[in-house]
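Atoms within a ligand are numbered from 1 in the order they appear, just like the ligands themselves. All residue numbers in this chain count up from 1 along the given sequence.
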Amino acid sequence: MFKINENYLKLPGSYLFSRIAGKVNAFQKENPEKSIIRLGIGDVTQPLAPAIISSLHAAVDEMADAKTFRGYAPDLGYEFLRNAIAKNDYAGRGCEIAADEIFVSDGAKCDSGNIQEIFSTDNKIAVCDPVYPVYVDTNVMAGRTGTYDPSAETWSDVIYMPCTDANDFAPELPGETPDIIYLCFPNNPTGSAITKAQLQEWVDYANKVGAVIIYDAAYEAYISEADVPHSIYECAGARTCAIELRSFSKNAGFTGVRLGFTVVPKDLKCGDISLHALWARRHGTKYNGAPYMIQRAGEAVYSPEGKEQLKKQVAYYMNNANVIYEGLKSAGYSVSGGVNAPYIWLKTPGSMTSWEFFDFLLERAGVVGTPGSGFGPSGEGYFRLTAFGSYENTVAAIKRIKTL
Ligand code: MLT
């Protein structure tokens, strides 16, 4: 008789955003007349920029002609896209990253979940708390997290690095030494950012203790402050300790289009084993490349028109962030984030738990957000709103919240 991977049975409940969708759908079914504004999952709402649409059309036309038709994409990504990424995201920021250190994929969520496969299951992970749930859940599936304590909502073998208003939502170096450190800045869910000097401390620490940093920079396009780094490779020494995850979902609206990439520098080694070679092997075996049309769309993100149009799109969402931030602040809420990231993190009013506030907001205002405790124990008593809605819905949601 076959056996299942029992680690899956250890996962408590359903994935955070599936649970929220289930609750909202059930509520809508019971209250069909109620208008619901969704500021929960960080999903974009603005149409794809015209430069991206033209490039998609052109690429589709190429597929209709035998001379330009393409079959399987190279599994590490087309050179035209890897070159554009290396030039714009790295050389343009003074980072030494070569095109062949960039692995194109169908998104950062998959890569952030899959990257742990190249590490031993007895490695110890450290995560910020609160944290994007994919990092922890995928390590649970791999059997790396020990036992679950349902009352504390923590795993015995995970090092949690609390991020609360006491430390300005920036993790401190852990007391216990981890092997793998997950960092996401600008941060999901708190919307906080760290300076280049703060990130340099992490890079120095990782190199000193022999840890690897998995750095999720999916929200870098939303950075507005000059001393906040866009890439971990802006820090000296990052090539020997860091893997970087990037996404086209938030900077270019590709949540439904799907495109991302992971950088594994050739200098990142465990003894004399190159992690670059391991990830290339994994990619080659398990992945057949992002579609040609989508990679051409990704290339358009770096064209002069694409850059201009996307700058406006990012500004549109950041204006929403400001509407939420200022609106809630004037209503007496304690708020943070929203300056270098499209997420606003607020304290739940009174002594409401995160989930109580979720229900309260849904039932009383028809507004969906994300309960902070869904991201980890230090998220209890907090709540996340996303700036990715339409301007009209964002304004309406804040108006509704203010009348509560
Ligand atoms: C979120 O809402 O946290 C993100 O949209 C999730 C994701 O990017 O997968």
Side-chain angles (χ1 to χ4, degrees), residues 11 13-24 36-46 105-116 127-139 141 163 169 182-193 214-222 244-262 290 298 313-314 317-318 320-321 324 336-338 340-346 354-355 358 361-362 367-376 378-379 382-390 393-394 397:
L11 287 164
S14 45
Y15 182 62
L16 175 63
F17 292 106
S18 313
R19 181 174 171 196
I20 292 173
K23 272 177 96 86
V24 175
I36 294 181
I37 300 177
R38 293 166 198 261
L39 303 181
I41 191 164
D43 195 3
V44 295
T45 51
Q46 289 302 292
S105 74
D106 59 356
K109 179 174 179 178
C110 304
D111 283 355
S112 68
N114 292 329
I115 194 75
Q116 48 75 28
V127 295
C128 291
D129 171 24
V131 65
Y132 180 45
V134 172
Y135 312 154
V136 177
D137 283 7
T138 51
N139 277 286
M141 291 168 178
C163 298
F169 305 101
Y182 285 85
L183 294 178
C184 169
F185 286 104
N187 187 256
N188 177 18
T190 66
S192 66
I214 298 174
Y215 192 70
D216 185 344
Y219 297 93
E220 63 77 33
Y222 291 84
E244 182 162 285
L245 307 164
R246 295 283 276 263
S247 164
F248 287 79
S249 290
K250 318 293 165 139
N251 63 337
F254 279 39
T255 53
V257 176
R258 308 306 309 149
L259 192 65
F261 61 92
T262 290
Q313 204 170 80
V314 165
Y317 291 130
M318 286 313 273
N320 288 348
I324 301 173
S336 58
N340 294 295
Y343 293 123
I344 281 73
W345 190 239
L346 56 127
S354 301
W355 279 104
F358 173 89
L361 218 54
L362 179 60
V367 174
V368 180
T370 309
S373 58
F375 296 103
S378 294
Y382 289 94
F383 199 75
R384 192 192 78 175
L385 290 174
T386 149
F388 285 123
S390 68
N393 275 347
T394 303

Show which atoms of ligand 1 fall inside a sub-4.0 Å distance from at least one heavy-atom site of [X].
{"X": "I41", "answer": "2 (O), 5 (O)"}
{"X": "N188", "answer": "1 (C), 3 (O)"}
{"X": "G42", "answer": "1 (C), 2 (O), 5 (O)"}

Derivation of the side-chain contact (heavy atoms from CB on, under 4.5 Å) call for V134 and Y15: CA-CA 9 Å; V134 172; Y15 182 62; 3.3 Å; yes
Any chance the rings of Y382 and F375 have centres within less than 6.0 Å?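 Ring-ring flag for Y382/F375: false, centres at least 6.0 Å apart.
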Quick one: nearest non-hydrogen protein atom to atom 8 (O) of ligand 1, plus distance?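 I find the closest protein heavy atom is K250 NZ, 3.0 Å.
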Distance from atom 9 (O) of ligand 1 to nearest protein heavy atom, with residue and atom: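 For atom 9 (O) of ligand 1, the nearest protein heavy atom is Y132 OH, 2.5 Å.
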Closest heavy-atom pair and its distance - P130, W345: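 For P130 and W345, the tightest heavy-atom pair comes out as CG-CZ2, 3.7 Å.
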R246 and N251: side chain donor to acceptor below 3.5 Å: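 Result is no, nothing qualifies.
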Do the side-chain N and O atoms of S112 and D216 include a donor-acceptor pair separated by under 3.5 angstrom?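 There is no such pair (donor and acceptor under 3.5 Å, judged by atom type) between the side chains of S112 and D216.
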Heavy-atom distances under 4.0 Å are what count here, so tell me which part of Y343 touches ligand 1: side chain, backbone, both or neither.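 Contact part for Y343 vs ligand 1: side chain (C-beta onward).
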Kindly confirm or rule out an N or O of K109 lying under 3.5 angstrom from an N or O of ligand 1.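 No.
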Does F17 have a non-hydrogen atom less than 4.0 Å from ligand 1?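 Yes; F17 lies near enough to ligand 1 that a heavy-atom distance drops under 4.0 Å.
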Contacts of type side chain to side chain contact (heavy atoms under 4.5 Å, CB included), residue I41, not counting sequence neighbours: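 Residues passing side chain to side chain contact (heavy atoms under 4.5 Å, CB included) with I41: F17, D43.
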